[in-house]
Each structure stands twice: as C-alpha cells, then as structure tokens.
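Here's the structure, in structure tokens; my notes come after.
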Amino acid sequence: MNHDQARYGDDERYESLLSEKDSTEIDIETDADSPLPDDLTRDSVELPSLSEPEVTRHYTRLSQMNWSVETGPYPLGSCTMKYNPTFAEDVAADPNGAVHPDRSEESLQGTLEVLYHLQDYLARIGGMDAVTLQPPAGAAGEFTGILVAKAYHESRDDDRSEVIVPASAHGTNFASAAMAGYDVVELPSGDDGRVDLEALEAAVSEDTAALMLTNPNTVGLFERDIEEIAEIVHDAGGLLYYDGANLNALLGRARPGDMGFDVMHYNVHKTFATPHGGGGPGAGPVGVTEELAQFLPSPRVRERSGAYELYDPERTIGKVHGYQGNWLVLVKAYAYIARLGDAGLEDASAKAVLNANYLAERLDCEIPYEPFHHEFAATAGERDAADVAKHMLDHGVHPPTTKWPEFVPEAMLTEPTEAETIDSLNDLADAFNAAFAADSEALESAPSKTTARRIDQADAARNPQLSWQALEPSEE
Ligand SMILES: *Cc1c(COP(=O)(O)O)cnc(C)c1O
C-alpha cells in the first residue's frame, strides 16, 4: 500500500502535496548584519523544486476535486448560493481600493464615499432609515440588531426579558437572542406553515423585546398576515426583527420596512452576490428605523458639506468589528447593486421565484407547503433525504439543504436562484428524479463518482483535520 492509499480509499482520488512531489534543499543567504539571534536563522530551506506547469496543474486538479457555484448549480435552500459575477471581483481587486484603514479620513474619501452610498442603497432596498455596515456575517448582524433593540428598550427603562422566535427559524436566531441575554420563546408554526396569529397573541407580553421573523419564511411562504403580526408585536411594546436571508425573493418588489419591521440584517453574501462559505469573510449590515439609529454600532459614515467622515451614533452600542467592516466584501456588494440598478434587482427576484417554481413543477415528489417564492421544501417521503442528496452528487449537481426545516419530514430545501438557466434547472430536476426512482441499494451506496465517498459528516464537522500533519498515516 502506498502512502496515498493509506490515507484514502483504494478507488478514491488523491493529489499529493507539492512537498511530496519534490523536496529540494536550497541554500539561502543570511544577512550578516541581521539582528535576529543565530538560533532563529538558517542557511538552507527545503522547498519543492517544480516547474510552473506542474504547480498550475496541481492547483487546477485540486480545484476540480471540489464543488463550486462556478462548476454547476448549488441549490442550497436558505443559503442563496448565487453565482458571483467577476466584475465585482475586478472592482475589489483594484489596487487603489486596497488602502490601509488607519489612514486619515481626508485620504480615505473614495472608500468612505462607496461605504456611504452602500449604506444608502441598503437602506432604500430594505425600507429602513439608517444602516451600519460593520457586522461581519448574517449571524453577527442578528446579534448586533438584537443588541440595538435591547439598547432601545433600556433607554426607555423598559425591562424586557424575552425574544420570540418561530420554531422554523434558522438556528442563529435562537443563538443571537440568547447571546444578547434574552430568554428565547419558541413559536410553533401553524398548520399552513405560517405564523399562527393565535399562538403569537398568546406568546407576546410586556416581557417581549422582539419577534424575529424572515419573510418569505423558511419554506418560501410569504407571511401574508405580516401587518397584523407587526401590530400584535408593536401593541405589546416589542420590536419586529427581519432576518434578511430570504430578501432575494422580494428584492425591488417589497420592503421589510414597509411591512412594519423595525430592524433587519442583510446577508450580502446571499442577496448581493459576494462569495459565500468557507467561514468568511462576509458581511451582515443592519438596517433600522429612525428611532433606533442612535444606537447603531460605531463608526458610521456621513456626508458633511461634500466631505465624508466617520462618526459615532449618539448612543451607540459600540464597536462590533474592526475599522469600517469587511471592506472588500462590501465593495463587491456595492458594485453588484450599482450595476444591476432598480430594474436589475427587480428582475433578479422575479427570476429567482420563477426558477424555483419551474424546478418544483418538474419534480416527482411532494411539496407540502405552497405557494412558495424563491425556495421550496420538497419531501423525500419514505427515503432518507441524505441518501437522495448523495445520489444527486453522481449527476454532477450539488444537492439541496437536507432535513431542515425540521417540521417538513425528510426535507429537501431547494433554492436554485435566478442565476440558473433552463438547461441547468432541467439537469437539477433530472438529478432529483433519478434519485427518487433509484432503489434503496443504489441510494445507500451513492455517491460513486465523487472525489470523496460517504464521509462521516458529523465527525468531519466536530473533529476537522485541517492540516497535512493531522492526516499523516501512522507507521505500520
Ligand atoms: C444564512 C442564514 C442566516 C445566517 O447568516 P450567516 O451570514 O450565515 O451568518 C440567518 N438566517 C437564515 C434564515 C439564513 O439562511
């Protein structure tokens, strides 16, 4: 058994590290005047001595062993894995844009101008009065937004201890409310998959600080009672929080602010086509109504007689991230919004909803909750949704989100996004239907064409081995 097979199965693909392909001792010159102590300097270093084609092919092969939205459709429901257009990357790669954030405000005018306009774009898109660009992810936006809500209640000497979260909400909603110090009250879904108004009436009280909600909700249904929901929460003195993960369904058509939401986050890596996944960097700007603007994190950007400056909102909750936020992510979101314009954003949401509905129409499976918008929760029925997902991998597509939300049995939460063409939607539908037609043996043994076969997903998430050393085979 060779080194590679010891690490991977006999039939799995393996790419050697560059240092395994070659290791050459190369002499290096040390500076005689170096202030470094002798034991920290050396005369030679071991490096692979390889040609450019060898190195290029190595990295290209590695990239081909992975799956990405540049490879094919990536319909992970709730995640909105849109294709990220390269023009936004070009904007972010402009060397003039890579300025040190500690530079003086006068020398950062261009950067601040972009951030100022992005605050404004996002405020207009969400129907909010003020936006902070600081939080580095959607979850961080939730935490920030709930802290802002808390600061608001405290400023009124209004002691409230609970945040209401629907049972179908993303796990981060529960976590953000708990991290901000609130007791989380779980709201069961109604039989139609929406908020049950009677259950909400029963849950709100003078302890309610906020209700967190996404709309369309986690199975793609529009909460059509949203105005009544807002009234119930507001009458109890609470605030309404909008989880912006599903904003792609409403873009340019409806605004959370107009529905009665007081505070929201935007997942720019979902809605505005900035890269998503791999742990960041991301951005989760937060928008609020005028009443809450004074509590936003610092700094924000404002314009004063033609110049842009950073300032701290009057009763700010403080900093939630370094400097002005994740600039390189934010500038991509800015470029995307500016390029699409109002008409382009409206078109994106129309196509996102159309694509989801076209795809669903072609599937040989049940979709319990309708009418959905940009995503739908199909059910794998008697099959294990994870098996269906593994089988789909052999058809050259990425499977949907599985087994979430939990109230849909064997859920396959599917969101194709507006970026897919009718051909790739048909490929997706064929992959779904092939899995639904497969017998249990075929389902359980899938996938067979991927780089890695069935891995222990829980173990991979809990005990990740992220370095080469960790994977070294033990001596036989
Ligand atoms: C993705 C998502 C979040 C969290 O956003 P991150 O940017 O991944 O932290 C919150 N709520 C919903 C519904 C989501 O889909």
Side-chain angles (χ1 to χ4, degrees), residues 69 74-82 84 122 126 132-147 163-180 184 186-187 189 193-195 210-223 240-251 256 261 263-287 320-321 325-326 329-330 332-333 352 356 372-377 400-408 411-417 461:
V69 75
Y74 211 130
L76 273 183
S78 207
C79 294
T80 318
M81 303 296 282
K82 282 192 197 186
N84 308 308
L122 292 175
T132 171
L133 303 173
Q134 287 253 317
E142 291 171 27
F143 180 57
T144 302
I146 294 297
L147 287 182
V163 168
I164 304 174
V165 179
S168 65
H170 199 258
T172 51
N173 288 189
F174 302 89
S176 301
M179 273 178 68
V184 181
E186 193 173 304
L187 191 67
S189 294
R194 294 186 173 86
V195 170
L211 166 68
M212 298 179 84
L213 210 61
T214 184
N215 196 15
N217 67 21
T218 326
V219 288
L221 303 186
F222 191 79
E223 297 285 357
L240 197 56
Y241 183 96
Y242 183 78
D243 177 334
N246 292 341
L247 188 62
N248 210 43
L250 304 181
L251 213 48
F261 286 95
V263 45
M264 69 176 287
H265 77 262
Y266 306 77
N267 298 72
V268 300
H269 44 284
K270 297 181 180 174
T271 317
F272 302 114
T274 72
H276 186 178
V286 168
V320 298
H321 194 65
N326 275 336
V329 178
L330 296 168
K332 288 178 214 183
F372 50 82
H373 289 71
H374 66 305
E375 66 186 353
F376 58 86
T401 300
T402 53
K403 308 205 181 204
W404 189 77
E406 281 161 10
F407 68 93
V408 178
M412 309 196 68
L413 186 63
T414 310
E415 181 180 7
T417 83

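Indexing begins at 1, ligand by ligand and atom by atom, following the structure's order.
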Looking only at protein heavy atoms, what sits closest to atom 5 (O) of ligand 1 is Asn267 ND2, 2.9 Å

In terms of side-chain heavy atoms, does Glu223 have a donor or acceptor partner in Asn217 at a distance below 3.5 Å?
yes

Margin query: Is there a side chain to side chain contact (heavy atoms under 4.5 Å, CB included) between Asn246 and Phe222? Walk through the geometry before answering.
Written below: CA-CA 10 Å; Asn246 292 341; Phe222 191 79; over 6 Å; no

Between ligand 1 and [X], is the shortest N or O to N or O distance under 3.5 Å?
X: Gly138; result: yes
X: Thr214; result: no
X: Ala139; result: yes
X: His276; result: no
X: Trp404; result: no

Please tell me if the side chains of [X] and [Y] come closer than 4.5 Å, counting only heavy atoms from C-beta onward.
X: Tyr241; Y: His265; value: yes
X: Pro216; Y: Phe372; value: no
X: His276; Y: Val69; value: no

Option whose closest heavy atom lies nearest to [atom], chosen from [options]:
atom: atom 1 (C) of ligand 1; options: Met212, His170, Lys270; value: Lys270
atom: atom 8 (O) of ligand 1; options: Glu415, Glu142, Glu375, His269; value: His269
atom: atom 11 (N) of ligand 1; options: Asn246, Asp243, Thr80, Thr401; value: Asp243

When rounded to the nearest 0.5 Å, the distance separating OG of Ser168 from CG of Leu213 is 8.0 Å

Logged contact type for Ser78 with ligand 1, heavy-atom cut-off 4.0 Å, is both

Is the ring pair Phe272/Tyr266 parallel, tilted or perpendicular, if the boundaries are 30 and 60 degrees? tilted

Scanning both residues in full, the closest heavy-atom pair of His374 with Glu415 reads CD2-OE2, 3.1 Å

The atoms of ligand 1 lying under 4.0 Å from a heavy atom of Ala245, numbered in the order shown, are 2 (C), 11 (N), 12 (C), 13 (C), 14 (C), 15 (O)

